[in-house]
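These notes concern the structure reproduced below.
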There are 2 protein chains.
Amino acid sequence: MRNTQATIRDIAIKLNISISTVSRALRGAPDVNQETKKAVLEMAEKLNYEPNRVAQSLRIKRTNTLGIIVPEISLHFFSSAISGMQEEAAQHGYSIMICQSLESFETEKQNVHMLAANRVDGLLISMSSETKDVAHIQSLINKNIPVVLFDRVSDALPVAKVVVDDHDGAFKATEHLIQTGCRRIAYIGGPLTFYISNQRKRGYLDALLHHNIIPDEQLIVHCHELHTEPLEQVKRLLSLPKTQQPDALFCLNDPIAVPVLQLLKEKNIRVPEEISVVGFTNEPVSAFIEPSLTTVSQPSHEMGKKAIELFLEQSHDLDNFTPVTATMKTTLLVRNSTRKV
Amino acid sequence: MRNTQATIRDIAIKLNISISTVSRALRGAPDVNQETKKAVLEMAEKLNYEPNRVAQSLRIKRTNTLGIIVPEISLHFFSSAISGMQEEAAQHGYSIMICQSLESFETEKQNVHMLAANRVDGLLISMSSETKDVAHIQSLINKNIPVVLFDRVSDALPVAKVVVDDHDGAFKATEHLIQTGCRRIAYIGGPLTFYISNQRKRGYLDALLHHNIIPDEQLIVHCHELHTEPLEQVKRLLSLPKTQQPDALFCLNDPIAVPVLQLLKEKNIRVPEEISVVGFTNEPVSAFIEPSLTTVSQPSHEMGKKAIELFLEQSHDLDNFTPVTATMKTTLLVRNSTRKV
DNA sequence: GTGAAAGCGCTAACAA
DNA sequence: TTGTTAGCGCTTTCAC
């Protein structure tokens, strides 16, 4: 935005007509003389005219831009979801502006402010694991900006959501562990305030109870931080007295399960013979790691598309909006990190 | 952008002062009475004021937004580069707007137009493999918008670039194959007009010549499309008469090499005993696939950061700009898809 | 230290 | 069918 970009005014002057006529012609309004329109379009081409969306946005009070916040772009689940959003959004004339919270609540708040300042027409967010207070998001909602939560959602927000059935996915995963003979199944989860972690934990607990296994509090760990703490916790579990050690690890997600698998390999603990491991998400590496990781897959690309669809529905009909939750299917992918039935 | 967002005007009225004073106070101008400033800031807080970047942008003719175009967000190399850009950009007050070309020239052109319409302050682009004509990018340059190319660059554009030494990386990879006893090394590349593919091919050819191996045209393939064609081409190579078959495959990148590895596994062709495979980029899966893939790693995150740095330098000093090319180091990661020396 | 006023590029009444 | 005009929210001279 710097040099001598042509404006509708330039076109108007060259053609000796008014700027409103140019504006109309450019926007393909019906009440414009065909000749005039043709001349305008040609002149626009000639002057290399490019509409100024900034000015348009200011005037029409819509930016045709959506804000997206994810914890970490480079996690495949998120980049794949973003990819789905981007494609769907582009099809409807929306551009997207992307931020990462890097799992930091403060950064997430800043991101929200920045997107609000940019007057995005909607916000699609997957919350950081640290996020507990949702006032920053609520403030957007109060300003009538449609918000769609995906994957990392919160019960405290009455908005559209795209999730998978975390409870069900976790139940299936845990049941699979039980059916393959595991009894001391540990859950490696996130912070106590982390919604999806709690959902998955509930699925895990319900599966245990359903099979008459009494949960052992010792085997349920809540990591405050998702990068290094999980490994520490697993090491701790492995150093318990033999009889108290877990025979299976159900991890909150693949980014936790994969390093765990590597740790076990380093320690020469055989998987799945001595200990089984299950993840969640189905990151691409999970299929390739040795042994390949049994995991619960989430349809990331579709979730992204769906999130945009929910935004569109809402923005078309702002008045009578009811916060729907789209629940997508998970699939248990049985691979080689768990025993055969 | 819809409801009753407070404006500086609202603040001015409430405080019974002029909007210019409010503007000054908000921007922390020096010539504002401390009392006034305090009152303004408090009122802004109270009214939940959020500056309108759209209006600011229109007025100051800068958006503080950068456009990024990549072929595919969900390829780890790109999401990781974007992540680096995002972090660096955020530190300097820039937001980013992201597009995917999906390897389509037409889409890439549309992306460029959209970003131009949004008046981004700069463009960071990794070109689609289809892109041959660079007029769309040139037109931005003509409008004085700084452009930085990264990874997928073009010689035809006199702009800042961030690349790895593709020739050197390919040379090292090919030499490694030769040193481990391979003689009939195939190159699975991209379109003839694809710059990095040609660079890598040159490195490959030079390594062969350096070791007195006469290149076999039959073993050099150029895929027009990067998703399905490479596998077809490899199948073709494998169906050649025994003596003409390759004993090594040097693939343009890991997204090609990984499926190739799977194909070979399906066909029960032992890697690296019967055939060696080398990739480029170092996608995360490459370390985990069995056998793990020997590849040339690129510092994706750093390349992203560097690209932003080059943009910043250029935007600070638009007048005397010389198009630097930052060449980053590649590392040959020898893993198990190639034989031991 | 503060205010009045112009204007960034565009859209959308309203008038002609 | 076209032109005139006001104004979106902000910054920035220029006065005072």
Side-chain angles (χ1 to χ4, degrees), chain A residues 1-41 43-44 47-65 93 116-121 143, chain B residues 1-41 43-44 47-65 93 116-121 143:
Chain A
M1 197 171 187
R2 184 163 295 102
N3 216 22
T4 47
Q5 201 16 306
T7 69
I8 54 170
R9 190 147 185 282
D10 298 321
I11 300 177
I13 291 173
K14 288 259 186 193
L15 257 32
N16 201 24
I17 57 179
S18 78
I19 61 164
S20 33
T21 303
V22 175
S23 172
R24 278 188 274 260
L26 251 20
R27 273 173 299 133
D31 53 350
V32 182
N33 186 307
Q34 281 303 314
E35 306 271 293
T36 320
K37 185 170 171 181
K38 190 154 160 275
V40 168
L41 260 27
M43 185 54 75
L47 296 182
N48 229 315
Y49 171 79
E50 192 85 62
N52 187 331
R53 282 240 252 166
V54 178
Q56 280 177 342
S57 298
L58 181 61
R59 181 60 238 244
I60 67 179
K61 293 175 169 297
R62 290 195 317 122
T63 53
N64 281 303
T65 299
N118 275 291
R119 297 299 190 267
V120 292
D121 292 340
K143 285 172 186 162
Chain B
M1 198 172 184
R2 185 163 296 102
N3 218 21
T4 47
Q5 214 354 323
T7 69
I8 54 169
R9 189 148 185 281
D10 298 323
I11 300 177
I13 291 173
K14 289 261 186 193
L15 258 33
N16 201 23
I17 57 179
S18 77
I19 61 165
S20 28
T21 302
V22 175
S23 172
R24 278 190 270 260
L26 250 20
R27 273 173 300 129
D31 53 348
V32 182
N33 186 308
Q34 281 304 316
E35 306 271 296
T36 320
K37 184 170 171 183
K38 189 154 162 275
V40 168
L41 261 27
M43 185 55 75
L47 297 181
N48 228 316
Y49 172 78
E50 192 85 63
N52 187 332
R53 281 240 251 166
V54 178
Q56 279 177 338
S57 298
L58 180 61
R59 181 59 237 246
I60 67 178
K61 293 174 169 298
R62 289 192 321 123
T63 54
N64 281 304
T65 299
N118 275 292
R119 297 300 190 268
V120 293
D121 292 340
K143 284 171 187 160

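Just so you know, these numbers use all the heavy atoms, side chains as well, and skip hydrogens, waters and symmetry mates. Here is the naming used below: chain letters follow the sequence lines, and residue numbers restart at 1 for every chain.
- Across the protein-nucleic acid pair, B:Arg53 atom CZ and C:dC8 atom P stand 22 Å apart, rounded to whole Å.
- Between the CD1 atom in B:Ile8 and the CZ atom in B:Arg24 there is a gap of 10.5 Å [rounded to 0.5 Å].
- Among all heavy-atom pairs drawn from B:Leu58 and A:Ala55, the shortest one is CD1-CB, 3.7 Å.
- Straight-line distance from the CG atom of B:Asn16 to the P atom of C:dG1: 20 Å, rounded to whole Å.
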Problem - Stepwise side-chain hydrogen bond (donor to acceptor under 3.5 Å, both in side chains) check, A:Ser23 with A:Ser20 - result: CA-CA 5 Å; A:Ser23 172; A:Ser20 33; over 6 Å; no
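- Side-chain N/O atoms of B:Lys37 include none lying less than 4.0 angstrom from OP1 or OP2 on C:dG1.
- A:Ile19 places its CD1 atom 13 Å from the P atom of C:dG7, with the value rounded to the nearest Å.
- A:Arg27 has a side-chain polar atom (N or O) that falls below the 4.0 Å cut-off from OP1 or OP2 of C:dA12.
- For the pair A:Leu47 CG and C:dG9 P, the computed distance is 14 Å after rounding to whole Å.
- Between atom CD1 of residue A:Ile60 and atom CZ of residue A:Arg53 there is a gap of 9.0 Å, rounded to the nearest 0.5 Å.
- Judged by closest nucleotide on DNA chain D, A:Val32 is the one of B:Ala6 and A:Val32 placed further toward the 5' end.
- Across D:dC8, C:dT2, C:dA13, the shortest atom-to-atom separation from the side chain of B:Thr21 is found for C:dT2.
- Atom CD in A:Gln5 sits about 9 Å away from atom P in C:dC10, given to the nearest Å.
- Relative to the side chain of B:Leu58, the nucleotides C:dC8, C:dG3, D:dT2 differ in distance, and C:dC8 lies closest.
- Closest to the side chain of A:Tyr49, from the set C:dT2, C:dC10, D:dG3, is C:dC10.
- Counting distance only, with no hydrogens placed and no angle test, the side-chain atoms of A:Arg119 and the base atoms of D:dG9 include no donor-acceptor pair under 3.5 Å.
- A straight line from CD1 of B:Ile60 to P of C:dA6 spans 22 Å, rounded to a whole angstrom.
- Between the A:Asp121 side chain and the A:Asn64 main chain, a donor and an acceptor come within less than 3.5 Å of each other.
- Dashed line: the shortest gap from a side-chain N or O of A:Thr36 to OP1 or OP2 of D:dT2 is under 4.0 Å.
- C:dA4 atom P lies 11 Å from atom CZ of B:Arg24, rounded to whole Å.
- Between A:Ser23 and C:dC10, a side-chain N or O to OP1/OP2 separation shorter than 4.0 Å is absent.
- Rounded to whole angstrom, the span from the CD1 atom of A:Ile8 across to the C1' atom of C:dA12 amounts to 12 Å.
- Put simply, A:Lys61 has a side-chain N or O that comes within less than 4.0 Å of OP1 or OP2 on D:dG9.
- OP1 or OP2 of C:dG9 has not a single side-chain nitrogen or oxygen of A:Thr7 nearer than 4.0 Å.
- At a threshold of 4.0 angstrom between heavy atoms, the contacts of A:Asp31 include nucleobase atoms, whether or not backbone atoms are also involved.
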